[in-house]
Number of protein chains: 2
Amino acid sequence: MKQDSCGCGKCSHKQCTNRVPIFSGLNEEELSYVTDLIKRRQYLKGEIIQLEGSEPDCLTIINRGKVKAFRYTQEGKEQILYLFSEGDFFGENNLLGGKRAAYSAEALEQTNLCMIERKDFQELVRRYPEISLKIIQELCARLERLETTVQNMGSKTMEARIGSVLLEFSEKYGVKHPKGILVTLPFSREGIASYIGAARETVSRRLTLLQDAGTIEMIGNKKIILLDEDALRKELE
Amino acid sequence: MKQDSCGCGKCSHKQCTNRVPIFSGLNEEELSYVTDLIKRRQYLKGEIIQLEGSEPDCLTIINRGKVKAFRYTQEGKEQILYLFSEGDFFGENNLLGGKRAAYSAEALEQTNLCMIERKDFQELVRRYPEISLKIIQELCARLERLETTVQNMGSKTMEARIGSVLLEFSEKYGVKHPKGILVTLPFSREGIASYIGAARETVSRRLTLLQDAGTIEMIGNKKIILLDEDALRKELE
DNA sequence: CGCCGTTTTGAAGACAGTCAAGATGCGTGG
DNA sequence: CCACGCATCTTGACTGTCTTCAAAACGGCG
């Protein structure tokens, strides 16, 4: 589960710290200090990174890849809470608040992680208080996303939820395409369903409807072209 | 731990700072410094404290009373996101992240607020970095609540959502009663509905069902006795 | 006591969930 | 490169539950 991608190791560490928003306020020297604290680890698709209820002793930062954070409902179904990508982190409340992990985390593809141990992280925060402020900003952003999710789930229309998630994926993973925006979906239909709180089949049906309406075009199961972004946006507001 | 309650105004400032978790790590002298920065304000039931999309320039801490935070859905209905009580705060992302307010806030009853202006707050955080850590803990707690809300809304059963919200109110506002736990509801039926993402009538119906089952007893419209807490809890897990 | 706003109840309709079967996509191995 | 087979996705029919609209009951407050 371990790996050094470029041989020298040091520069890929640097890459990691450079790319992570919470360290963006630090200078060369400070970054180098942070870099020395980092332990790296690699996970393959489907591997579990943390379990809900466990007591992680690291702050985990995603350097490359995608990670889903989820809980199980009482019926045993997954409820996906977050989709983490490059630069995102988790484990902060365990280290700072002494809480147990609120969700499980699983790699959706080959994923490189940077981990900072509890004591190192606590020292780090003490030494560079700006890091706390960055973390606060990130947590606020996460809160805003969840608030929007709650709003979407509260306003019942399934149409709006689907549109919302398509736009989210589009912003994160969309690339230009002659016909519109090409989006590579990070989830299967089942995953999308779990992310927006719906049944697999409902997602299928609504996507088909959107395709019939000329709003999207599906290419296989993993790609979608957004032909008419405005139509999607219109449903939300 | 000293308690001031002499009514001299200055002391009630102290009360405020003493009661607020994010200042709990500070000593007498430091608290006194914070106290001098605070501006107090009172709102009556129904008054709007902040509007979604505005640019608040204060951190707002609730010293007494209850505040609901909400957004409007595209259909013009309220979606309540948070119910803030004594010691809760909001406005942090506006001050630290430069963002606009993500929700409107309205006083549910006579409410006393402590407000700290942007520049004072920024100085405060610089001077006492532990405050950031407290804020992070609070934000994490808030995230966890929202995560649970998303989970509840995702797992469709309306029964679970009602049970969940009753238990939440019970923990926050419940008092002992010979028959069980007496809960004074902070919201009307409409408010509860907006909080859990349901229709007014659905809330009525499910509460009636719970009463018929002997799980709760309604007293007027604003009070409920939880007769069988375990029955409620059982629905959740 | 009487009014007005809120809540409850009723009935009809819509929509998503479930179960089941069929189609499609995708990776494997020949 | 093609063919096979499994996993995933789509489609269909049906059921259950929430929503909506409407009317009646209730509660709180002057």
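Labels below follow one simple rule: chain letters A, B, ... track the order of the sequence lines, proteins then strands, and each chain is numbered from 1.
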side-chain hydrogen bond (donor to acceptor under 3.5 Å, both in side chains) with A:Ser164: of A:Thr149, A:Thr148, A:Asn152, only one passes, and it is A:Asn152
Report the residues that fulfil ring-ring contact (aromatic ring centres under 6.0 Å, His included) with B:Tyr43, sequence neighbours left out, ordered by chain and then residue number. none
Rounded to whole Å, CZ of A:Arg189 lies from C1' of C:dC26 at a distance of 14 Å
Nearest whole angstrom, please: distance from the P of C:dT7 to the CD1 of B:Ile219. 16 Å
Whole-Å distance separating the CD1 atom of B:Ile162 from the C1' atom of C:dT8: 14 Å
How many whole angstroms separate atom CD of A:Glu190 from atom P of D:dT10? 12 Å
salt_bridge(A:Glu201, A:Arg205) N-O dist < 4.0 Å: no
Round to a whole Å and report the spacing from NZ of A:Lys45 to C1' of C:dC26. 11 Å
Between A:Lys222 and B:Phe187, just flag the one whose closest nucleotide in DNA chain C comes earlier from the 5' side. B:Phe187
Within this structure, what is the CG-to-C1' distance between B:Leu210 and C:dT8, rounded to whole angstrom? 15 Å
Over 60° means perpendicular and under 30° means parallel, so tell me whether A:Phe90 and A:Phe84 are parallel, tilted or perpendicular. parallel
Here the distance between atom C1' of D:dT8 and atom CD1 of A:Ile192, to the nearest Å, is 12 Å
With the threshold set at 4.0 Å, does a side-chain nitrogen-carboxylate oxygen contact exist between A:Glu55 and A:Lys99? no
For the ring pair B:Phe70 and B:Tyr82, is the centre-to-centre distance below 6.0 Å? no
Would you kindly give the CE-to-C1' distance between A:Met218 and D:dT8, to the nearest whole Å? 13 Å
Residues A:Glu109 and A:Lys45 bridged, charged N to O under 4.0 Å: no
Can B:Arg142 be said to sit on top of B:Phe89's aromatic six-ring, NZ or CZ under 6.0 Å from centre and within 45° of the ring axis? yes
Nucleotide by nucleotide, 5' to 3', does protein get under 4.0 Å of the base (B), only the sugar-phosphate (S), or neither (-) in nucleotides 9-23 of chain C, counting heavy atoms? BBB----SSBBB---
When you check the gap from the basic side-chain N to the acidic O, do A:Lys66 and A:Glu86 get nearer than 4.0 Å? no
Which angle, rounded to 10°, do you find between the first-five-pair axis and the last-five-pair axis of the helix from C:dA14-D:dT17 to C:dG30-D:dC1? 30°
